[in-house]
Amino acid sequence: MIKISRDNFPPSDKYKNGVNRGNEKWRVIENRVIVAYKNNPVPFTNGTYDYPKHPSYDIWKKELVNSQGKKCCYCEKPIDKGDLEHYRPKKGWKQNNGAAMTKPGYYWLAYRWRNLLLSCKITRCALVKK
C-alpha cells in the first residue's frame with residue numbers, strides 16, 4: 001500500500017441551492033446515513049442498506065487520482081480511473097479469512113475523506129481488498 005499525502009478534508013463542494021445551501025455535500029449525505037441507522041438499523045445489520053452515491057464522487061475521484069500519484073492504493077499499478085474504496089468497509093468486515101461477516105460495518109465513515117482510497121479494477125487486486 002502506498003503512502004497518500006492529502007488534506008484531512010475533501011475538496012470543498014457545497015450545495016448552491018435548496019434547503020442545504022451552503023453546507024458541504026459530504027456532511028449532508030453522511031448525516032442522512034447516520035439518521036437512517038438510528039431510525040432503523042435493520043438494513044445495516046443485514047447488509048441491505050443502499051448507500052446513496054455521493055454527489056461529489058467525481059470530484060473526489062479526480063482528487064484521489066492526483067494525490068495517489070495515479071497509482072492503485074493496493075498494487076501500485078498506474079491508473080487514470082478506478083474505484084473509490086473504503087479503507088474501513090461500510091457494509092461489514094471479517095476479522096480473519098473464513099470468519100463470518102460482522103455487520104454493520106463502519107457506516108458512519110462511508111463518506112469520510114480520510115477513509116477513501118482509489119484502487120484499480122483488476123481482479124487480482126480486488127482479491128487483496130476482500
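All residue numbers refer to positions in the sequence shown, counting from 1.
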Chemist: Within a 6.0 Å radius of atom CZ on F9, are there more than 12 heavy atoms belonging to other residues, nucleotides or ligands?
Modeler: no
Chemist: Tell me if the centroids of the rings in W113 and W26 come within less than 6.0 Å of each other.
Modeler: no
Chemist: If you look at every heavy atom in V33 and P52, which pair is closest and at what distance?
Modeler: CG2-CD, 4.4 Å
Chemist: Tell me whether K61 at atom NZ has more than 12 heavy atoms from other residues, nucleotides or ligands lying less than 6.0 Å away.
Modeler: yes
Chemist: Search all heavy atoms of D58 against all heavy atoms of K53 and return the closest pair with its distance.
Modeler: OD1-NZ, 4.5 Å
Chemist: Under 6.0 Å from the ring centre and within 45 degrees of the ring axis: does the NZ or CZ of K91 meet both conditions for the six-membered ring of Y49?
Modeler: no
Chemist: Is the backbone of R88 close enough, under 3.5 Å, to the side chain of N115 for a donor and an acceptor to pair up by distance?
Modeler: yes
Chemist: Hey, are S12 and E24 close enough side-chain-wise for a donor-acceptor pair under 3.5 Å?
Modeler: yes
Chemist: Any idea how Y111 and H54 line up, ring-wise: parallel (<30°), tilted (30 to 60°), or perpendicular (>60°)?
Modeler: tilted
Chemist: Would you name the heavy atoms of Y57 and D83 that are closest together and state the gap between them?
Modeler: OH-CA, 4.4 Å
Chemist: Would you name the heavy atoms of G82 and L118 that are closest together and state the gap between them?
Modeler: C-CD1, 3.9 Å
Chemist: Heavy atoms only: give me the nearest D13-P55 pair and the separation to one decimal.
Modeler: OD2-O, 4.3 Å
